[in-house]
Structure formats: C-alpha cells, structure tokens
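Since the structure comes first, as structure tokens, the remarks are kept for the end.
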Amino acid sequence: AFCDLARFFFASLNELLFREALPSVDPEELRTMAWETSLITRSFSARWFKACAMGQPPEPGSIKWYLGHCLGKLDLELSRELSDWVEPTGNPWRRRKREQGLQALEL
C-alpha cells in the first residue's frame with residue numbers, strides 16, 4: 001500500500017508541474033505522462049519501506065533522504081526525456097515521446 005501511495009503522491013506532483021510547464025498540452029495526456037513517470041518512484045519505494053519503515057516509524061532524516069532520492073530519480077527521468085541524445089541501439093519509447101513533442105518540456 002505504501003508503494004501505491006508514494007506513486008499516487010508523485011504522480012499528482014508531476015501532474016501539477018507538467019500543467020504549469022506545458023499549459024497547451026491536453027490535460028489527459030499530462031495525467032498519463034505524470035502517472036507513467038511516477039513508476040520509477042513506486043519501485044524504489046518498496047525497497048526503502050522494507051529497509052527503513054517496516055514495523056517502525058522511520059527517522060525524520062530517513063524520510064528526508066527518501067523524498068530527496070525520489071525527486072532526484074524523477075529529475076533524472078525528465079532530463080533523459082529532454083535530452084536529444086539517441087541511444088545507439090534505438091529506443092522505441094524515446095522515439096514515441098519525441099514524436100509527441102515532449103522534448104520541448106522546459107522546467
């Protein structure tokens with residue numbers, strides 16, 4: 001349940017930021033993009049919860065580290081999407097994003 005809650009939180013945060021940065025993009029498309037981007041935080045949240053919060057309240061420093069790490073992962077993911085570098089092996093996901101014009105996202 002924690003992983004789902006974390007993903008919902010970061011998807012909502014992403015959606016707010018995307019709406020401000022990309023006001024002309026369809027809101028439903030932004031919601032989908034925010035949800036897909038938040039997947040990276042869901043998988044990490046499971047490991048963090050098991051290591052730091054299973055059966056005990058986590059320390060404030062651990063919570064701050066977790067939030068910072070999740071935001072860093074999201075930043076890295078968005079930076080990769082903005083990059084004009086194309087992977088040598090070809091990445092169909094990256095090409096699909098470029099075709100949608102999302103490489104113009106500037107935060």
Side-chain angles (χ1 to χ4, degrees):
F2 177 78
C3 298
D4 293 333
L5 180 63
R7 184 173 187 194
F8 180 76
F9 172 80
F10 285 107
S12 298
L13 179 63
N14 287 345
E15 188 176 346
L16 289 172
L17 295 172
F18 294 164
R19 281 189 183 175
E20 188 168 319
L22 302 166
S24 62
V25 177
D26 176 49
E28 194 59 39
E29 186 177 343
L30 290 178
R31 184 174 295 116
T32 300
M33 190 170 75
W35 184 250
E36 290 173 357
T37 305
S38 69
L39 182 61
I40 196 167
T41 61
R42 187 185 190 284
S43 59
F44 173 76
S45 295
R47 292 189 302 270
W48 177 83
F49 185 82
K50 186 174 180 182
C52 300
M54 184 78 92
Q56 64 186 8
E59 297 290 323
S62 181
I63 294 170
K64 286 180 185 178
W65 181 88
Y66 163 75
L67 291 173
H69 191 74
C70 285
L71 291 171
K73 293 275 190 185
L74 290 170
D75 184 52
L76 180 64
E77 186 70 18
L78 290 173
S79 295
R80 286 193 311 186
E81 289 298 321
L82 290 172
S83 173
D84 59 359
W85 183 75
V86 178
E87 295 181 27
T89 59
N91 183 338
W93 173 254
R94 181 165 296 286
R95 273 186 257 120
R96 183 168 66 103
K97 289 285 190 182
R98 286 217 176 99
E99 290 168 5
Q100 292 175 359
L102 298 179
Q103 76 276 11
L105 175 65
E106 294 181 18
L107 298 176

TODO: Check the pair Leu67, Phe10 against side chain to side chain contact (heavy atoms under 4.5 Å, CB included), reporting the backbone distance first and the verdict last.
DONE: CA-CA 10 Å; Leu67 291 173; Phe10 285 107; 4.0 Å; yes
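- With sequence neighbours left out, the side-chain hydrogen bond (donor to acceptor under 3.5 Å, both in side chains) criterion links Ser62 to Trp48.
- Phe49 and Ile63 end up in the same hydrophobic cluster when Ile, Leu, Val, Met, Phe, Trp and Tyr side chains are linked at under 4.5 Å.
- Residues satisfying the ring pair (Phe, Tyr, Trp, His ring centres under 6.0 Å) criterion with Phe44, sequence neighbours excluded, are Trp65, His69.
- Closest approach of Thr41 and Ala6 over heavy atoms only: OG1-O, 4.3 Å.
- Residues Leu71 and Phe9 are members of one and the same hydrophobic cluster, defined by side-chain heavy-atom contacts under 4.5 angstrom among Ile, Leu, Val, Met, Phe, Trp and Tyr.
- Under the ring pair (Phe, Tyr, Trp, His ring centres under 6.0 Å) criterion, Phe8 pairs with no residue, sequence neighbours left out.
- Aromatic rings from Phe2 and Tyr66 are positioned such that their centres are separated by under 6.0 Å.
- Every pair passing salt bridge (Lys or Arg N to Asp or Glu O under 4.0 Å) that includes a residue from residues 9-25 is listed here, sequence neighbours excluded: Glu15-Arg19, Glu15-Arg31.
- Taking Leu16 as the reference, nothing meets the side-chain contact (heavy atoms from CB on, under 4.5 Å) condition, with sequence neighbours excluded.
- Rounding to the nearest 0.5 angstrom, the gap separating the CG atom in Leu17 from the OG atom in Ser12 is 11.0 Å.
- From Leu30, atom CG reaches atom OG1 of Thr37 across 10.0 Å, with rounding to the nearest 0.5 Å.
- For residues 48-71, the set of pairs meeting the salt bridge (Lys or Arg N to Asp or Glu O under 4.0 Å) definition, not counting sequence neighbours, is empty.
- Each ring pair (Phe, Tyr, Trp, His ring centres under 6.0 Å) pair with one or both residues in residues 19-41, not counting sequence neighbours, would appear here, but there are none.
- In this structure the side chain of Glu29 never reaches within 4.5 angstrom of the side chain of Leu22, judged on heavy atoms.
- The side-chain contact (heavy atoms from CB on, under 4.5 Å) check on Ile40 picks up Lys73, Leu74, Glu77, with sequence neighbours excluded.
- Evaluation of the side-chain hydrogen bond (donor to acceptor under 3.5 Å, both in side chains) rule for Ser38 yields Arg7 as partners, not counting sequence neighbours.
- By the side-chain hydrogen bond (donor to acceptor under 3.5 Å, both in side chains) test, Asp4 is found to be paired with Arg42, residues two or more places apart in sequence or in another chain being considered.
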